[in-house]
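Down below is the structure, laid out as structure tokens.
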Amino acid sequence: MTPAELSQAVQAAVSAAVEAGELAVAVPEHVTIERPKNRDHGDYATNVALQLAKPAGKPPRAVAELLAERLRGITGVTKVDIAGPGFMNITLDAATQGELARTIVEAGPAYGRNEALKGLKINLEFVSANPTGPIHIGGVRWAAVGDSLGRILKATGADVTTEYYLNDAGVQITKFAKSLQASANGKPVPEDGYVGEYIADIAKAIVEGVPGVLDLSEGEQLEVFRTEGLKLMVAEIQRSMEEFGTHFDVWFSEKSLHDSGAVEKAMERLREQGHVFEQDGAIWLRTTDFGDDKDRVLIKADGETTYFAADAAYYLSKRDRGAEVSVYMLGADHHGYVNRLKAIAACAGDDMDRNIEVKIGQFVKMLRDGQEVRLSKRAGNIITIDDVVEWIGVDAARYMLARSSTDSTITIDIDLVTSQKAENPVFYVQYAHARMCSVQRNAVEKGITRSADFKPELLATEWESNLLGELAQFPGVVAKSGEWREPHHVATYLEKLAREYHRFYDNCQILPKGDEEVTDLTHARLWLADATRTVIANGLTLLGVTSPERM
RNA sequence: GCGCUCAUAGCUCAACGGAUAGAGCACUUGACUACGGAUCAAGAGGUUGCAGGUUCGAAUCCUGCUGAGCGCACCA
């Protein structure tokens with residue numbers, strides 16, 4: 001029996017009590033079933049009686065007693081205790097719990113998928129760093145978190161489009177082009193230009209790829225450096241993302257919004273909604289109607305459209321392409337945009353509490369020898385994605401960046417994460433997987449094939465029970481991560497699961513020792529080990545981390 | 001000045017408003033003639049920044065304070 005099934009059973013018990021006239025309450029839509037920290041409290045616990053006590057006008061323990069009586073009649077439930085203020089502690093029999101191992105193995109990669117967000121169309125935009133340089137560490141965090149979130153949302157039934165917004169229009173691109181041009185001509189970097197070896201690399205590539213470029217007039221040259229530089233920089237970003245295992249369904253060009261007239265159309269739509277006005281020769285959007293601290297300019301007095309106008313057009317583009325929810329993942333230095341972005345949605349007539357979500361990610365620090373690392377050879381005073389991959393590898397980088405809440409600033413100690421001796425969370429989880437693969441290899445060597453005749457009731461020790469209980473949590477964890485847009489719960493979960501597996505492994509011999517007989521217990525434990533391997537692999541896949549068979 | 005985010009073990013981080021706040025690292029002590037010791041077991045380590053409030057119950061929600069990071073353009 002899974003927690004979800006148990007939850008339904010409790011709901012049914014509430015319904016039955018209501019129908020019997022014993023409880024005058026509305027049946028709750030969700031009944032929380034949790035795994036008690038203290039196993040003396042049973043296999044599962046629910047606080048539903050505490051929640052229903054007030055509306056029912058009865059003491060919590062009395063409500064609990066009504067429900068407990070009904071739950072005790074369910075097959076597989078061996079005990080229902082009432083504890084503390086009114087918790088119901090539920091104990092299942094071993095066979096009912098053990099059956100889960102078969103369910104998981106048979107589901108394979110599908111175990112964990114759920115329908116919590118079934119059919120919801122979500123646009124997930126992340127990284128979106130300016131194509132004027134390599135992706136820096138903040139962008140790397142979003143690549144890890146955003147890509148994982150995309151995978152989790154898909155597993156949760158959502159219809160997700162992942163997207164990278166390329167700011168390929170505007171003054172920063174001109175600055176970038178001028179920096180390339182200066183480099184190609186052996187001139188010093190212009191005021192406020194971009195510095196770093198990558199500028200020289202790209203400039204050189206352009207000079208080699210476009211013969212005669214340096215013979216063109218200054219203005220013609222600049223155009224070549226603009227278009228070619230952009231092309232090369234975007235290609236490099238795409239390569240970096242690809243190598244990082246991060247996939248975007250759409251690379252959306254800001255320039256295309258301007259070129260296609262989408263910006264003008266967007267402003268027209270906002271005007272129809274009544275939030276556009278003119279003042280001091282400029283065109284404004286009255287974002288203060290929806291909580292922004294000042295109104296925003298769409299068209300400057302000189303006739304130029306602003307970046308903000310493109311943002312508005314971009315939001316509407318996402319909407320037009322079917323997104324019910326647009327999720328923006330921004331760095332902490334952009335938190336000032338939250339209100340204005342949400343105001344765009346509201347000004348367009350959307351629900352700013354539902355149709356748009358803005359997530360803010362805090363900064364990442366990297367340490368080596370106890371000192372913060374700030375410098376990158378290739379790009380001056382920033383750490384690039386390639387630096388991170390070179391230092392700690394894709395798996396460790398993705399895992400470490402995705403395992404913490406984006407609300408926390410995080411510090412990654414390069415020495416810890418790369419050390420062969422020091423344990424670290426990535427290897428801890430991966431090792432559990434490799435260990436199970438090893439057991440399976442040994443089983444094959446011994447000629448043991450997991451029997452279809454599975455006796456779940458044999459998985460009865462506390463270690464097996466704990467492991468099964470943890471395995472049962474997985475679909476709920478995935479659903480929660482998706483609903484809350486917080487991938488780190490998957491990592492936290494995997495660490496707990498790996499811990500339970502290692503405990504099981506150390507206390508429960510799976511394969512026969514020496515010339516001992518192969519027993520039903522051998523088979524039952526192989527089912528359990530295989531189920532655990534499946535869940536760890538599924539979880540690591542959601543994080544975009546590999547599941548090695550050997551380490 | 002205004003606003004956003006954060007503050008949990010020596011360090012890095014967890015904890016749907018729930019029971020005794022948990023892991024890993026580091027530290028102490030044990031366990032390989034058993035499937036991988038990158039593991040396990042035991043120990044030590046906390047006034048959840050401070051002060052109030054809400055309630056059956058607060059690290060979590062509210063208010064104030066302190067401290068840190070960031071942001072407050074007709075820039076992008």
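Just so we're on the same page: letters track the sequence lines, and every chain starts at 1.
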- [ ] Please work out if A:A301 contacts a base, only the sugar-phosphate, or nothing of the nucleic acid, heavy-atom cut-off 4.0 Å.
- [x] base
Open item on the list: What's A:C508 touching, base or sugar-phosphate or nothing? Going by heavy atoms closer than 4.0 Å.
Closed with: base
Open item on the list: Applying the Watson-Crick and G-U wobble criteria at under 3.5 Å, what pairs with B:C35? Answer none if nothing qualifies.
Closed with: none
Task: Candidates B:G18, B:G36, B:A14 - which lies nearest the side chain of A:S405 - done: B:A14
Open item on the list: Between B:G37 and B:C32, how far apart are the two C1' atoms, rounded to whole Å?
Closed with: 7 Å
TODO: May I have the distance from A:L367 (atom CG) to B:C25 (atom C1'), rounded to whole angstrom?
DONE: 13 Å
Task: Donor-acceptor pair (no angle test) under 3.5 Å: A:Q172 side chain, B:C75 base - done: no
Task: Phosphate OP1/OP2 of B:A23: any A:K496 side-chain N/O under 4.0 Å - done: no
Open item on the list: If you go through the side-chain atoms of A:N89, does one of them form a donor-acceptor pair with the base of B:A19 closer than 3.5 Å?
Closed with: yes
Open item on the list: Looking at B:G71, which nucleotide sits across from it as a Watson-Crick or G-U wobble partner, both distances under 3.5 angstrom, or is there none?
Closed with: B:C2
Task: Output field: ring centroids A:W284/A:H275 closer than 6.0 Å - done: no
TODO: Please tell me which of A:P85 and A:Q509 maps to the more 5' nucleotide of RNA chain B, matching each residue to the nucleotide holding its nearest heavy atom.
DONE: A:P85
- [ ] Start with the C-alpha gap between A:F454 and A:W527, add the side-chain angles, then the distance that decides, and say whether ring pair (Phe, Tyr, Trp, His ring centres under 6.0 Å) holds.
- [x] CA-CA 8 Å; A:F454 169 49; A:W527 276 95; 5.2 Å; yes
Task: Watson-Crick or G-U wobble mate for B:A44, both contacts under 3.5 Å - done: none
Open item on the list: Taking atom types as they are modelled, would you say the side chain of A:N47 forms a donor-acceptor pair with the base of B:G18 within the 3.5 Å cutoff?
Closed with: yes
Task: Options B:G36, B:G18, B:C13, nucleotide nearest the side-chain atoms of A:S404 - done: B:C13
Open item on the list: Between A:H258 (side chain only) and A:K255 (backbone N and O only), is there a donor and an acceptor less than 3.5 Å apart?
Closed with: no
Task: B:G36 phosphate, OP1 or OP2, under 4.0 Å from A:S438 side-chain N/O - done: yes
TODO: Consider the side chain of A:D333, meaning its heavy atoms from C-beta on, and name the nucleotide among B:A19, B:C74, B:G71 that approaches it most closely.
DONE: B:G71
Task: Most 5' of A:R435 and A:V171 on RNA chain B, judged by nearest nucleotide - done: A:R435
Open item on the list: Using whole Å, what does the distance between atom C1' of nucleotide B:G24 and atom CD1 of A:I412 come to?
Closed with: 15 Å
Task: A:H334 NE2 - B:U5 C1' separation (whole Å) - done: 15 Å
Task: Watson-Crick or G-U wobble partner of B:U63, both distances under 3.5 Å - done: B:A51
Open item on the list: Walk me through whether A:H433 and A:Y501 qualify under ring pair (Phe, Tyr, Trp, His ring centres under 6.0 Å).
Closed with: CA-CA 9 Å; A:H433 185 272; A:Y501 173 74; 9.8 Å; no
Open item on the list: So, does A:R499 get its side chain near the phosphate of B:U39, meaning an N or O under 4.0 Å from OP1 or OP2?
Closed with: no
Task: Candidates B:C35, B:C74, B:A19 - which lies nearest the side chain of A:V439 - done: B:C35
- [ ] Could you check which of B:A41, B:C35, B:U55 has an atom nearest any side-chain atom of A:R503?
- [x] B:A41
TODO: Please confirm whether any donor atom in the side chain of A:H335 sits under 3.5 Å from an acceptor in the base of B:C70, or the reverse.
DONE: yes
- [ ] Check whether the ring centres of A:Y164 and A:W251 lie less than 6.0 Å apart, and answer yes or no.
- [x] yes
TODO: Would you indicate which nucleotide in B:C72, B:C16, B:C75 comes nearest to any side-chain atom of A:T32?
DONE: B:C16
- [ ] Indicate, with a heavy-atom threshold strictly under 4.0 Å, whether A:F308 touches base, sugar-phosphate, or nothing.
- [x] nothing
Open item on the list: Within 45 degrees of the ring normal and closer than 6.0 Å to the centroid, is that where the cationic atom of A:K175 sits relative to A:Y194?
Closed with: yes
Open item on the list: For B:A19, give the paired nucleotide (Watson-Crick: N1-N3 plus N6-O4 or O6-N4; G-U: N1-O2 and O6-N3; both under 3.5 Å), or none.
Closed with: none
TODO: Check whether any side-chain N or O of A:T411 sits under 4.0 Å from OP1 or OP2 of B:C13, and answer yes or no.
DONE: yes
Task: Between A:R550 and A:S438: side-chain donor-acceptor atoms closer than 3.5 Å - done: no
- [ ] Ignoring backbone atoms, establish whether A:S408 has a side-chain N or O less than 4.0 Å from OP1 or OP2 of B:A14.
- [x] yes
- [ ] Check every atom of B:G18, B:G36, B:U39 against the side chain of A:D506 and return the nucleotide holding the closest atom.
- [x] B:U39
Task: Complement of B:G24, any strand, by Watson-Crick or G-U distances under 3.5 angstrom - done: B:C11
